[in-house]
Number of protein chains: 2
Amino acid sequence: MRDLLVALRERGIQPTAQRLAVAQFVLEAKSHPTADEVWEKVRKRSPTLSRATVYNTLNLFVEKGLLRTQLVREGALVFDPYVARHHHFIDDETGEIYDVPWEAVKVSGEKSLRGYEVRDYQVVMRGKRRAP
Amino acid sequence: MRDLLVALRERGIQPTAQRLAVAQFVLEAKSHPTADEVWEKVRKRSPTLSRATVYNTLNLFVEKGLLRTQLVREGALVFDPYVARHHHFIDDETGEIYDVPWEAVKVSGEKSLRGYEVRDYQVVMRGKRRAP
DNA sequence: GTTCGTGCAAACGGTTTGCAACAAT
DNA sequence: ATTGTTGCAAACCGTTTGCACGAAC
């Protein structure tokens with residue numbers, strides 16, 4: 001609660017009720033919701049919240065580095081509160097997206113690619129989730 | 001031309017004029033066009049071609065393994081005639097998508113990820129293209 | 001009293017669907 | 001005659017935009 005306020009202020013985001021509600025949901029979401037999913041969820045607590053505000057807010061958060069978007073779901077962007085580098089695993093059956101820690105997978109050779117100057121990369125894996 | 005016909009037949013796709021036109025464009029495209037881009041390009045040669053037919057055709061081609069889709073562009077799927085495993089590089093400035101051969105980049109550790117059974121993966125890189 | 005944020009509806013862009021006309025077997 | 005293919009328009013879904021109202025410095 002208090003830390004959310006601080007987190008927004010730290011990034012120069014004026015903390016309004018709507019933004020706090022969105023932040024509360026999306027920053028501690030372990031899932032990777034789309035904007036519409038955020039809207040539907042947060043609307044239950046704040047019924048006056050408009051779709052436009054959710055989109056505006058999410059875009060603002062991305063701009064300010066609080067979230068990043070991922071292009072791993074068809075048809076929609078998903079928002080990820082895990083802004084540090086990491087990889088993704090997508091469950092074939094459910095479409096669920098999981099974060100994979102950066103150190104869990106190693107990539108090599110990307111620095112010596114002729115013709116490309118790689119600034120950033122990620123591994124996108126697909127398969128079946130199984131009990132750990 | 002002849003080989004296109006064969007390629008379609010081999011995969012059980014009835015080769016119509018529209019499908020051949022789409023196949024001709026998309027199978028030898030070095031770019032990664034969206035469905036709408038395919039429509040616009042192919043329409044110049046076959047002006048009667050409808051949007052729905054292009055979408056139907058592309059989906060059919062994907063289903064039959066002639067193309068694969070890639071989720072690397074915002075707002076739209078792109079179609080890739082390179083169906084073998086490979087990686088992607090996306091130019092930050094232009095948004096252009098380049099294919100990176102499978103052997104150019106090596107990934108390790110994905111087999112020993114606890115909790116995930118990785119069936120497939122790819123590395124998506126972003127950065128600046130430079131003269132090779 | 002301006003500036004900034006919100007809400008609503010309309011617009012938009014990519015894609016799918018329903019359906020009637022039309023081949024092709 | 002049945003089946004598969006096409007074209008058109010409408011519908012759909014995710015997202016953005018225009019604009020008027022309202023809140024906050």
Side-chain angles (χ1 to χ4, degrees), chain A residues 4-5 8-9 11-23 25-26 31-64 66-80 95 97, chain B residues 4-5 8-9 11-23 25-26 31-64 66-80 95 97:
Chain A
L4 279 179
L5 236 159
L8 296 198
R9 286 232 172 86
R11 292 201 156 69
I13 302 171
Q14 194 154 317
T16 68
Q18 291 87 335
R19 288 176 180 173
L20 281 168
V22 169
F25 175 71
V26 84
S31 65
H32 293 70
T34 64
D36 262 51
E37 284 163 3
V38 174
W39 183 52
E40 289 192 1
K41 290 283 168 50
V42 181
R43 200 160 46 128
K44 286 180 182 160
R45 318 227 150 223
S46 322
T48 78
L49 182 70
S50 79
R51 213 200 279 261
T53 297
V54 171
Y55 277 89
N56 285 341
T57 300
L58 291 173
N59 287 340
L60 179 65
F61 286 2
V62 169
E63 201 179 297
K64 300 297 190 182
L66 223 52
L67 296 175
R68 57 155 61 185
T69 55
Q70 294 293 159
L71 253 183
V72 284
R73 190 128 126 201
E74 279 195 32
L77 282 178
V78 302
F79 293 86
D80 193 342
I97 301 156
Chain B
L4 280 179
L5 236 160
L8 297 197
R9 287 232 171 84
R11 292 199 155 72
I13 301 170
Q14 194 155 317
T16 68
Q18 290 88 334
R19 290 176 180 173
L20 281 169
V22 170
F25 175 71
V26 85
S31 65
H32 293 71
T34 64
D36 261 53
E37 284 163 3
V38 173
W39 182 52
E40 288 193 359
K41 290 286 168 47
V42 180
R43 200 158 49 127
K44 288 181 180 158
R45 316 226 151 223
S46 321
T48 79
L49 182 69
S50 79
R51 213 201 279 259
T53 297
V54 171
Y55 276 89
N56 286 339
T57 300
L58 291 173
N59 287 340
L60 179 66
F61 285 1
V62 169
E63 199 179 299
K64 300 296 191 181
L66 222 53
L67 297 175
R68 57 157 57 186
T69 55
Q70 294 293 162
L71 252 183
V72 285
R73 192 129 122 198
E74 276 194 35
L77 281 177
V78 302
F79 292 87
D80 192 343
I97 300 156

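First the proteins, then the strands, lettered A, B, ... as listed; each starts at 1. As the structure is a computational prediction, the values presented were derived from the model and not from experiment.
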What is the distance from [atom1] of [X] to [atom2] of [N], rounded to the nearest Å?
{"X": "B/W39", "N": "D/dT6", "atom1": "CH2", "atom2": "C1'", "value": "14 Å"}
{"X": "B/L58", "N": "D/dT5", "atom1": "CG", "atom2": "P", "value": "15 Å"}
{"X": "A/L20", "N": "D/dA24", "atom1": "CG", "atom2": "P", "value": "13 Å"}
{"X": "B/L8", "N": "D/dT5", "atom1": "CG", "atom2": "C1'", "value": "14 Å"}
{"X": "B/R19", "N": "D/dG4", "atom1": "CZ", "atom2": "P", "value": "11 Å"}

Matching residue for A/L58 among A/L60, A/V62, A/N56, A/V54 - test: side chain to side chain contact (heavy atoms under 4.5 Å, CB included)
A/V54
Would you say that [X] contacts [Y] through its side chain, given a criterion of any heavy-atom pair below 4.5 Å between the two side chains?
{"X": "A/V26", "Y": "A/P33", "result": "yes"}
{"X": "B/F79", "Y": "B/V22", "result": "no"}
{"X": "A/D36", "Y": "A/R51", "result": "yes"}
{"X": "B/L71", "Y": "B/L77", "result": "yes"}

Mind listing the N/O atom pairs, protein and nucleotides 14-16 of chain D, below 3.5 Å?
{"from": "D/dT15", "atom 1": "OP1", "to": "A/L77", "atom 2": "N", "distance (Å)": "3.0"}
{"from": "D/dT15", "atom 1": "OP2", "to": "A/Y55", "atom 2": "OH", "distance (Å)": "2.9"}
{"from": "D/dT16", "atom 1": "OP2", "to": "A/N59", "atom 2": "ND2", "distance (Å)": "3.3"}

Terminal contacting nucleotides, 5' and 3', DNA chain C versus chain B (heavy atom, 4.0 Å):
C/dG14 to C/dT17
Hey, is the main chain of A/L49 close enough, under 3.5 Å, to the side chain of A/T53 for a donor-acceptor pair?
no
Heavy-atom closest contact (B/I13 atom, B/F61 atom, distance):
CD1-CD1, 3.8 Å
Nearest heavy-atom pair of B/R73 and B/T34: which atoms, and what distance?
NH2-CG2, 3.8 Å
